[in-house]
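Values reported hereafter were calculated over all heavy atoms of this structure, with side chains retained and with hydrogens, waters and symmetry mates removed. Computed from a predicted structure; not experimentally measured.
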Amino acid sequence: MEKLVKLQIDGIEIKAPAGMNLIDAAERAGIHIPNLCYLKGIKSIGACRLCLVEVEGLKAPVIACNTRVKEGLVVNTKTDKIQEVRKFVIDLILSMHPLDCMTCTKAGVCNLQKYAYDFELKESSFTRKKFGYPVDETNPFIRRDPDYCILCSRCVRVCKEQDTNVLEFMGRGIESKVLTANGRPLQESECTFCGSCVDACPVNALLESDRWRKGREWEYEKVNSTCLLCGNSCDITVSTKDGRIQKINSGAAADSAEKYLCAYGRFGFDSIEAESRLTVPMKRIEGGLQETTWEDALTIVADKLRKAGKEAGFISVAGIENEDALILKKIAKNIVKTKNYDTTISLYGDSESFRNSQKADIDKADLIMLVDLNPSQWDRVLPALDASVRRRVNRGAKLIIINSSDTKIEEVAAVTLKGNVTSGLKGIAKALTGKGLKADKKISAAVKDEEISEDIEKAATLIAEANEPLILSSPSMFEASANIALIKGKVISVGLESNVRGVVLMGLTTEGKTYKEMAGIESGKGQGAKSAVKVLYAVGEAPLQARPEGLEFLIVQNSHLTDLARQADIVLPSATFLEAAGTIVDYMGRLKYLPKVIEPQEESKSHREIFIALAKTMGTKIKLPTEAEVNKAVKVKTKLSFNPFEKREGIDISAAEFIESINASVIKGSRLLWLKEAEKTVSV
C-alpha cells in the first residue's frame with residue numbers, strides 16, 4: 001500500500017502519495033498549476049517554467065512538475081511574484097507565436113490560448129518575431145507547422161519514450177525547432193504515424209492533416225470507446241460532428257503506458273464511407289451480385305441453412321462483440337442444429353490458453369517477460385503492446401525476452417534468451433526454485449536436468465526480486481509459460497484479435513468441424529482443400545481470398561465487399577464496430593463497453609441484429625443478450641495447473657500477414673493505403 005504524506009497547498013490540507021509531484025498533488029485538491037511542458041507519466045524536464053510555485057522555507061521558487069511532495073510541505077501557487085513570472089513567460093511565448101486564434105483549428109483546447117486569456121494578454125509586449133519555417137504537409141496524416149511550436153518538448157519526449165525516436169530538437173535558443181533526422185518529411189523518416197505527438201502537442205504545431213474546417217473542438221461530441229482492429233483493444237476517444245467521425249485519439253489515461261494508438265486505429269475510420277462499403281444485401285443472379293431486400297436475402301439464407309442442417313458451418317473473426325458471439329452460437333447450435341462453428345482464433349491459438357489467462361495491469365508490472373512474442377510498432381504487429389512495454393522499461397521496469405529468433409524489442413531488454421524457448425523457460429523455473437521460491441513437485445521434476453546459464457540466472461534473479469512480474473506469452477507457449485507463473489507472477493496469452501478472450505468465454509468454440517476444415521485450409525499449405533461443410537456462413541473479414549472448394553452455398557456477412565464476398569451467393573451488410581454497441585474482454589481480462597458512436601450506413605445492421613432477424617425468419621425468436629448474461633460468462637475463475645514444458649504445434653502463422661488480412665478493407669478503403677504504398681517506396 002502506498003505511503004501517504006500530508007501537505008498544504010494554497011491553504012488546503014491534502015494527502016498525496018510520497019514521491020508524487022506537486023502538479024498532480026494539487027490536482028487532487030482541485031487546484032490547477034499552469035504548465036505547458038508537463039506530461040503525466042513521463043519524466044519532467046521543467047522546460048516552460050510556467051509551473052513555478054513557492055514553498056515555505058525555500059529562498060527561491062521551485063518547478064512543481066519536478067518537486068516531490070514531502071510531509072508538512074506548505075506550498076503557495078498563486079502569489080503575486082509567481083503570477084508575475086507566469087505572465088512574463090506567456091508574454092514571451094506569444095511574441096514568437098502566430099496570433100490567429102480566431103481561425104486556429106486548436107482554438108478552445110489550446111493551453112497557450114487559455115493562459116493568455118487568464119493573464120489578459122491580447123498581444124505580446126515584446127517585439128514580434130516571425131520565423132517562416134516551412135510546413136510539412138506532404139502526408140495525409142500529420143501536419144507539422146514549426147511556427148506554432150512553443151518548444152515544450154512534449155512531442156519529442158513522447159516519441160522517445162516509446163522508442164520511435166523520430167523527432168528531435170535542432171538549433172539553439174529561440175531559433176530551436178523540432179525536426180526529423182536531416183529535416184526530412186515524416187514518411188521518409190521511421191515515423192509510424194501513430195499520432196502520439198498529435199495527442200501530446202498543446203498547441204497547433206502538430207495536428208491531423210484533414211482537420212481544417214472539419215469543426216471546432218467545442219462542436220464535437222466526444223465518445224470513449226475501444227478499437228477492435230487488433231489484439232491490443234486500445235482505448236480510444238472518438239470525436240463526431242453531424243453524425244460523422246471527424247477524428248480519433250488515444251483514450252487511455254494520461255499517465256498510462258497504454259496511452260497509444262497506431263495508424264490503423266487513428267486514421268482507419270475513413271473506411272466507414274469507402275466505395276467498397278456494403279450498405280444493402282446482395283444475392284448472386286446469373287453469375288453476378290445484385291442488390292436485393294433484407295427479407296429476400298434472409299429467406300434464402302434460412303432455407304439453405306435449414307436444408308443443410310448438420311452440414312452447415314459458421315466461421316467468424318474474433319473481432320466481433322460478446323453479444324454477437326452469444327447469439328451466433330445460439331443460431332448455429334439451437335436453430336440450425338449444427339456443431340460446426342469456429343473462429344479465426346484456432347489459426348493462432350487455442351481456447352484453453354485464453355480461458356486460463358489471468359487478469360493483469362501492465363502499468364503495475366515492474367518486470368515483463370515476453371515469451372515467443374515479437375510485437376512491433378514498425379510492422380504493426382500488436383504495436384500498442386510494443387509501445388507499452390517500451391514505456392514501462394523507460395519508467396523503470398525490467399524486460400526479459402525469450403524467443404527463438406531476433407526481435408527488435410530486445411534492444412531494450414535486460415536479458416534476452418535466444419534459442420529453444422522451452423529450454424529457456426525450464427531453466428528459469430529451475431533457477432527460481434534454487435532461490436527458495438516454492439514450486440509444484442511436477443515442475444521440479446520436469447526441470448531437474450536443465451542447465452542454468454548466466455543469462456538464465458540473471459533472468460531468474462530479476463523475477464525473484466520483482467514485486468509484480470507479468471508474463472506475456474504466445475498462445476502456443478502459454479502452458480509452458482504458465483508453469484513460471486505457478487512459481488511467481490501472472491501470465492497472459494496474447495491473441496491477435498481484439499476479443500479473443502470474450503469470444504472464448506462466450507462459448508463460441510467448435511464442437512464439430514474446425515475453422516480450417518470448414519475454410520478448406522490444409523495444414524502448412526494454406527487454402528485449397530475441400531470444405532468440410534456444404535453451406536458456409538462467414539462472419540466478419542475472414543482471412544480468405546478464395547471461396548472454399550466443394551461449397552454448395554456461401555454466405556458472407558461483412559461491412560465491406562471483400563474478395564471472398566465477391567464470390568458469395570448471399571452478402572449481408574454488417575455495421576462496423578463504431579456503429580454498434582456491445583462489450584468485449586481485452587487481452588488483459590478487462591470487460592470493456594463499446595457504445596454506438598454513429599448510425600450504421602444505410603441498410604447495414606449490427607451482427608446481432610442480422611442474427612436475430614435470421615432466427616425470426618427461421619421461426620425462432622431470440623432476445624438480445626442481457627448484461628447479466630454477459631457478466632456471468634465473463635466471471636470465470638482461472639486456475640493454473642502444471643503442464644509439460646512443450647510448445648503447442650499447428651498454430652504458428654505470420655502475425656503481420658494475419659493482422660493485415662483481417663484489416664484489408666480498412667487499409668484499402670482509407671488513407672492507410674497511401675501509407676502502405678509510401679512504406680513500400682521507402683523500403684525499395
Side-chain angles (χ1 to χ4, degrees), residues 228 276-278 281-284 289 297-298 300-305 308 311-321 324-325 327-333 335-336 338-348 496-500 503 508-510 512-521 526-577 604-611 613-615 658 661-666:
L228 300 190
S276 61
R277 182 66 197 272
L278 288 167
M282 305 180 81
K283 69 177 180 179
R284 186 163 298 280
L289 288 174
L298 291 176
I300 295 171
V301 171
D303 181 61
K304 294 295 182 180
L305 290 174
E311 294 185 279
F314 294 79
I315 58 173
S316 174
V317 295
I320 60 175
E321 295 168 353
D324 302 327
I327 296 184
L328 176 53
K329 181 179 179 179
K330 289 179 181 178
I331 286 274
K333 191 172 183 178
I335 299 177
V336 180
T338 181
K339 294 181 179 180
N340 305 323
Y341 45 86
D342 202 9
T343 68
T344 41
I345 292 173
S346 60
L347 295 176
Y348 56 82
L496 300 179
E497 296 172 277
S498 55
N499 195 27
V500 288
V503 165
L508 193 60
T509 54
T510 191
K513 304 298 182 183
T514 65
Y515 179 98
K516 286 184 178 180
E517 290 172 327
M518 289 184 278
I521 298 174
Q527 197 172 349
K530 186 177 180 181
S531 174
V533 295
K534 290 183 178 180
V535 175
L536 183 64
Y537 194 134
V539 180
E541 189 140 355
L544 297 174
Q545 281 71 51
R547 177 180 175 130
E549 295 292 329
L551 278 182
E552 294 180 3
F553 202 80
L554 174 63
I555 305 131
V556 172
Q557 180 172 304
N558 192 38
S559 57
H560 291 75
L561 189 62
T562 61
D563 290 339
L564 184 64
R566 289 187 178 92
Q567 302 166 64
D569 297 293
I570 290 287
V571 180
L572 304 176
S574 63
T576 66
F577 72 90
S604 58
K605 302 176 184 292
S606 69
H607 289 305
R608 78 207 60 158
E609 287 175 330
I610 298 173
F611 295 148
L614 175 60
F658 177 82
S661 69
I662 61 172
N663 290 308
S665 294
V666 172

Once rounded to the nearest 0.5 Å, what's the spacing between atom [atom1] of [X] and atom [atom2] of [Y]?
| X | Y | atom1 | atom2 | result |
| --- | --- | --- | --- | --- |
| Q557 | K605 | CD | NZ | 11.5 Å |
| I345 | T510 | CD1 | OG1 | 12.0 Å |
| L347 | T514 | CG | OG1 | 9.0 Å |
| L551 | K530 | CG | NZ | 10.0 Å |
| L228 | T576 | CG | OG1 | 9.5 Å |
| D563 | S661 | CG | OG | 11.0 Å |

Under a 4.5 Å cut-off applied to non-hydrogen side-chain atoms, are [X] and [Y] in contact?
| X | Y | value |
| --- | --- | --- |
| I570 | F553 | yes |
| F611 | I335 | no |
| E497 | F658 | yes |
| Y515 | I521 | yes |
| I320 | N499 | no |
| L544 | I315 | yes |
| L289 | R284 | yes |
| D569 | R547 | yes |

Determine whether a donor-acceptor pair (N or O, by modelled atom type, separation under 3.5 Å) exists between the side chain of [X] and the backbone of [Y].
| X | Y | result |
| --- | --- | --- |
| E609 | S604 | no |
| S531 | M518 | yes |
| T338 | A312 | yes |
| S574 | S559 | yes |

Restricting to non-hydrogen atoms, name the atom on [X] and the atom on [Y] that form the minimum distance, rounded to 0.1 Å.
| X | Y | answer |
| --- | --- | --- |
| A542 | V317 | N-CG1, 3.7 Å |
| A568 | V571 | CB-CG2, 3.9 Å |
| S346 | T343 | OG-O, 3.1 Å |
| S498 | G319 | OG-CA, 3.5 Å |
| M282 | L278 | SD-CD2, 3.9 Å |
| L305 | I555 | CD2-CD1, 4.5 Å |

**Report entry** Worked verdict on L554 versus L564 for side chain to side chain contact (heavy atoms under 4.5 Å, CB included)
**Finding:** CA-CA 9 Å; L554 174 63; L564 184 64; 3.9 Å; yes
Query raised in the report: Between the side chains of H560 and E541, is a donor N or O closer than 3.5 angstrom to an acceptor N or O?
Result: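 Their side chains do not contain a donor-acceptor pair, so the 3.5 Å distance test is not met.
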Report task. For the pair L328 and Y537, evaluate side chain to side chain contact (heavy atoms under 4.5 Å, CB included) and give the outcome as yes or no after the intermediate values. Result -> CA-CA 11 Å; L328 176 53; Y537 194 134; 5.8 Å; no
Query raised in the report: Between K304 and E552, does at least one N-O distance fall below 4.0 Å, as a salt bridge requires?
Result: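 Here K304 does not pair with E552 in a salt bridge, since their nearest N and O are not under 4.0 Å apart.
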Query raised in the report: side chain to side chain contact (heavy atoms under 4.5 Å, CB included) between E321 and H607: does it pass, once the steps are laid out?
Result: CA-CA 9 Å; E321 295 168 353; H607 289 305; over 6 Å; no
Query - Heavy-atom neighbours of K329 NZ exceed 12 at 6.0 Å - result: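 Counting neighbours around NZ of K329, more than 12 heavy atoms of other residues, nucleotides or ligands fall under 6.0 Å, so yes.
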Report task. Applying side chain to side chain contact (heavy atoms under 4.5 Å, CB included), run through V503 and T509 and close with a yes or a no. Result -> CA-CA 8 Å; V503 165; T509 54; 5.9 Å; no
